[in-house]
Amino acid sequence: MPELPDVEKFREMLESCAKGRAVQHVVVRDTGVLHGVSARRLRDALVGRRFTRPERHGKWLLARTGGPTLLLHFGMTGSLVCGSPDDAVEAHDRVLLTLSGERQLRYRDQRKLRGLWLADDDTEVARLLDDQGPDAMAVDRAEFAAVLSSHRGRVKTVLTDQTALAGLGNLLADEILWRARLRPTVRANDLTEPDRRRLYTQMRRTLRSAVTAGCVPPRDSWLTGHRDDPDPICPRCGAPLHRSRMAGRGTVWCPRCQPDGA
DNA sequence: ACTAATGTTAGCCG
DNA sequence: TCGGCTAACATTAG
């Protein structure tokens, strides 16, 4: 599930659920999601702290407290749940943070591909996010163009490379390229100036809608609404969509709408 | 039984 | 150094 729009939804949830509230209890039900921090140190660092305004960079969520920062990454199946301590605990609830005011935050994740990190200060936050490219929501057109021009790989690979640009995942990349009428296999540095402008515009439009929806919505008018169909059809031109594999990820595109750049 | 799934990373190769 | 590929991580659903 989690790409930038999902993580932004978690950020908004965290802000409304936890901002200003103090951590009363920390329960780690599965230490497999902790990275570089023990359950004891996590508890000692967080209990008694109050959450301040959370931030997001790419697919990372930063739960700030004014002291240490809890960093969350949701992998492919993670989510953040805000509820009551009385809610039934589910099988994949890995970490529970009980907050003042009868609230409880939960890091829920089936596959445990990523998890939780703890940074003692901003220096350590910066170190953990050191390899991240500019955030896809915040990047300006010039910087975006510079990212594309400086990579010789395929444009889809560049869009999903978190060190080049942070936030886009497999679904968003396919969706944005389809809207911009660019084939995922074209070389990023072969894009023309109009290509780059169109790609930037469509990235912004797609992100704006997806952030409003809180996910990459599988709407009928979106490519994403059809990628799991048995015989998918392009919702724009009716041509049969193509499927392939790029960098190990399933890739869907329209051979008619997204012509070979050459 | 086999495959793919919205993520990331180490290791290998050219 | 860069880009591309594969396996691995852990788990479930079709």
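Residue numbers begin at 1 in each chain, while the letters A, B, ... track the order of the sequences. Just so it is clear, the model here is predicted, and its values are computed rather than measured. The basis for the numbers below is simple: all heavy atoms, side chains too, and nothing from hydrogens, waters or symmetry mates.
Look at CH2 on A/Trp117: it is 10 Å from C1' on B/dG7, rounded to the nearest Å. The CZ-C1' distance, from A/Arg94 to C/dT11, rounds to 9 Å in whole Å. With rounding to whole Å, A/Asp161 atom CG is found 14 Å from C/dT1 atom C1'. With rounding to whole Å, A/Arg111 atom CZ is found 8 Å from B/dG7 atom C1'. Remark: P of B/dG7 and CG of A/Asp131 are 16 Å apart, rounded to the nearest angstrom. Following rounding to the nearest Å, A/Leu172 (CG) and B/dT6 (C1') show an atom-to-atom distance of 8 Å. Atom CZ of A/Arg114 is separated from atom C1' of C/dC9 by 11 Å (rounded to the nearest Å). A/Asp228 places its CG atom 14 Å from the C1' atom of B/dT3, with the value rounded to the nearest Å.
Residue contacts for A/Arg243: at a heavy-atom cut-off of 4.0 Å it reaches no nucleic acid atom on any strand shown.
Ionic pairing of A/Asp93 and A/Arg106 is present here: one or more N-O contacts between side-chain nitrogen and carboxylate oxygen are shorter than 4.0 angstrom. Using a 4.0 Å cut-off between a side-chain N of Lys or Arg and a carboxylate O of Asp or Glu, A/Asp6 and A/Lys59 do not qualify as a salt bridge. With respect to the salt-bridge test (charged N to carboxylate O, under 4.0 angstrom), the residues A/Arg198 and A/Asp195 qualify. Between A/Glu8 and A/Arg11, at least one side-chain nitrogen of the basic residue sits less than 4.0 Å from a carboxylate oxygen of the acidic one, meeting the salt-bridge criterion.
Contact between the side-chain N/O atoms of A/Lys59 and the OP1/OP2 oxygens of B/dT8 is found at a separation under 4.0 Å. Applying the 4.0 Å criterion to OP1 and OP2 of C/dC9, one finds that A/Lys112 has every side-chain N and O outside that range. Of the side-chain N and O atoms in A/His92, none sit less than 4.0 angstrom from OP1 or OP2 of C/dA10. Considering only side-chain N and O atoms, A/Arg187 lies nowhere under 4.0 angstrom from the phosphate OP1 or OP2 of C/dC2.
For A/Met76, the listed nucleotide lying nearest its side chain is B/dT6; candidates were C/dA10, B/dT8, B/dT6. When distances run from any side-chain atom of A/Leu113 to the nucleotides C/dG3, C/dT11, C/dC9, the shortest one goes to C/dC9. The listed nucleotides are C/dA10, C/dT12, B/dT8; the one nearest the side chain of A/Gln110 is C/dT12. When the nucleotides C/dC2, B/dG7, B/dT8 are ranked by their closest atom to the side chain of A/Glu3, B/dG7 comes out on top. Closest to the side chain of A/His73, out of C/dT11, B/dT8, B/dA5, is B/dT8.
Going from the P atom of C/dG3 to that of B/dT6 covers 24 Å, rounded to whole Å. C/dT1 and B/dT8 are spaced 23 Å apart, taking the P atom of each and rounding to whole Å.
Nucleotide C/dC2 forms a Watson-Crick or G-U wobble pair with B/dG14, both donor-acceptor distances falling under 3.5 Å. For B/dA4, the paired base is C/dT12 (Watson-Crick or G-U wobble, both distances below 3.5 Å).
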List the steps, then state whether side chain to side chain contact (heavy atoms under 4.5 Å, CB included) holds for A/Arg64 with A/Val125.
CA-CA 10 Å; A/Arg64 296 193 172 277; A/Val125 172; 4.1 Å; yes
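Take the nearest nucleotide of DNA chain C for A/Gly153 and for A/Asp30: the residue whose nucleotide is more 5' is A/Gly153. Closest-nucleotide positions on DNA chain C for A/His151 and A/Arg249 were compared, and the one nearer the 5' end corresponds to A/His151.
For A/Trp117 and A/Trp60, the ring centers are positioned less than 6.0 Å apart.
A donor-acceptor contact under 3.5 Å is not formed by the side chain of A/Arg154 with the base of C/dG4.
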